[in-house]
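Notes follow the structure.
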Amino acid sequence: MQLLKMQTATLPDPVLDRREAVPALLGDFSSFLAVAGLAGAAQELIYLSQESPSVFGLVGAMGAALPMAIGLALAQPKRRVLCHTGDAELLMTLGALATAAVMNPPNLRIVVVDNGRFGETGNQQSHTGLGTRIDTIAAGCGIPAVMVVNTADEIPAARALLHDGDGLCFILLRVKEGPALKLRRDLRAHPERDRFRRALLGK
Amino acid sequence: MTGWPEILYADLRGAGITQFAYVPDAGHRVLIDSALADPEAYAIPLTTEEEGVAMLAGADLGGSRAVLLMQSSGVGNCINMLSLINGGRFPFLTYVSMRGTFGEGNPWQFPMGQATRKVLEAMGVIVLEADTAEDVAACTKAALTMVFQSEQAVAILLSQRLIGAKAF
């Protein structure tokens, strides 16, 4: 049986290409520490940062990106921490939005690239593609600043929130289906952990 | 009165642990309340235990030490997320208050309680078990070295002999 769009599916059809919209939204994020969720989100962040050791990209452990970023943000209160993930990855640990709101780390920024799809597994429609509103959920959890980006015109304000805002925020970047920027990389987690810690902590 | 939970909290703080992630359980009440009352520590309520697994890895990336407090029923919620600990060789310390074992009166607790050790070990977590207050201190001393010096994943099971079976 086909899955039907719900009454909550009121946002306009996505028009942005993530290969352009993600770099435009993030701008120069070299001063951030970042955790990126599998799969496209991690690929594009590693590509855009040119494999910076300050980006920890997940290749498994779906749902880890946001809780991991919360732990990192609490550990590094003087650094801004970016959680960059996809809609399906976040859907797996949606409750972490409530945890983020309760802890309210002022240095944490959450960016969700929403293609409305399970992109890695055959492009099946995800809940968000059918009308689940994670921006509304984020606001309902108590995230103090929530922004939805549907068009290129809306990107500068979201980029300003990301870079110049002084508190926890959630940005939903709605994009069309399509590939993320990517490069071939080492998929093993332990060298990535060691590299991240060496760059940040010197050990 | 200073019981094993108060001593345990002091031992964990003394080892530099600053993040206490938890899904509440009666067996962890003193630890949670102590962290909530401690201005130098974070008490982090989770919606599900697997969040805590990832949070501990994030804390480690940032150079902080963290612990996950959960009930045995929550261990099952952590299984795939432990891939992150295993693959990243992250230090991982959890205290599991046991249900579904010694004197349990709620039949729903048995499947996960009886599987707790097997599930943890299947995912590469070393399991220590504390039956007495003395065991808690000894296991904690051992685990702190195993986790933060040798970078292993360790679970300390707080048995129902130690914490008592809830009355039903």
Side-chain angles (χ1 to χ4, degrees), chain A residues 33-35 37-38 53-79 81 83 85 89 92-105 107-108 141 187-203, chain B residues 16-24 32 35-36 38-68 70 74 77-94 123-124 148-149 151-153:
Chain A
L33 302 171
V35 179
L38 88 164
S54 298
V55 173
F56 189 95
L58 290 147
V59 194
M62 191 169 178
L66 180 53
M68 206 172 170
I70 296 169
L72 176 58
L74 295 175
Q76 287 288 325
K78 292 180 179 160
R79 295 291 299 271
V81 172
C83 169
T85 192
E89 207 269 353
M92 198 160 279
T93 46
L94 259 187
L97 283 171
T99 304
V102 165
M103 297 311 293
N104 196 21
N107 56 332
L108 179 60
C141 284
L187 299 183
R188 296 171 304 155
H190 67 90
E192 198 177 15
R193 175 213 171 219
D194 294 345
R195 206 169 67 110
F196 191 104
R197 284 174 52 90
R198 205 177 305 120
L200 176 62
L201 307 166
K203 60 187 176 187
Chain B
I17 290 171
T18 55
Q19 295 190 21
F20 294 78
Y22 64 91
V23 172
I32 295 166
L36 286 165
D38 183 344
E40 306 291 320
Y42 291 109
I44 308 159
L46 308 167
T47 65
T48 178
E49 293 80 359
E50 67 175 323
E51 277 181 46
V53 177
M55 196 169 293
L56 264 54
D60 171 74
L61 282 185
S64 284
R65 291 181 173 186
V67 66
L68 171 59
M70 61 177 159
N77 295 341
C78 296
I79 298 174
N80 185 54
M81 204 60 93
L82 288 166
S83 309
L84 173 62
I85 302 302
N86 197 310
R89 301 181 191 166
F90 285 97
F92 177 77
L93 177 61
T94 183
M123 289 307 292
F148 296 113
Q149 186 171 318
E151 301 192 331
Q152 300 297 304

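- Pairs of residues two or more places apart, or lying in two chains, never qualify as salt bridge (charged side-chain N to carboxylate O under 4.0 Å, His left out) while including a residue from residues 43-56 of chain B.
- Top candidate by heavy-atom pairs under 4.5 Å with chain B, chosen from A:Val81, A:Ile70, A:Leu74, is A:Leu74.
- Between A:Ala98 and B:Thr47 the shortest heavy-atom distance is CB-CG2, 4.2 Å.
- When each of A:Met62, A:Arg188, A:Arg197, A:Gln76 is scored by its heavy-atom pairs under 4.5 Å with chain B, the top score falls to A:Arg197.
- Comparing B:Ile44, B:Val53, B:Thr18 by heavy-atom pairs within less than 4.5 Å of chain A, the highest count is held by B:Ile44.
- Electrostatic pairing of A:Glu192 and B:Arg89 does not count as a salt bridge here, judged by no charged N lying under 4.0 Å from a carboxylate O.
- Interatomic distance, A:Arg193 CZ to B:Asp60 CG, rounded to the nearest 0.5 Å: 4.0 Å.
- The stretch residues 77-86 of chain B places B:Asn80, B:Met81, B:Leu84 near chain A, each with some heavy atom under 4.5 Å from a heavy atom of that chain.
- Using a 4.5 Å cut-off between heavy atoms, A:Leu66 does not touch chain B at all.
- B:Leu46 CG to A:Thr93 OG1: the interatomic distance, rounded to the nearest 0.5 Å, is 11.0 Å.
- Interface remark: of the candidates B:Pro45, B:Gly87, B:Ala57, B:Gly87 forms the most heavy-atom pairs closer than 4.5 Å to chain A.
- B:Met55 has its side chain out of reach of A:Leu72: every pair of non-hydrogen atoms, C-beta onward, lies at least 4.5 Å apart.
- Here A:Asp194 pairs with nothing under the salt bridge (Lys or Arg N to Asp or Glu O under 4.0 Å) rule; sequence neighbours left out.
- Per-residue heavy-atom pair counts under 4.5 Å with chain A were compared for B:Ala43, B:Ala21, B:Ala54, and the maximum is reached by B:Ala54.
- Not a single salt bridge (Lys or Arg N to Asp or Glu O under 4.0 Å) links A:Arg79 to another residue, sequence neighbours left out.
- Atom CE of A:Met92 has 12 or fewer heavy atoms from other residues, nucleotides or ligands within 6.0 Å.
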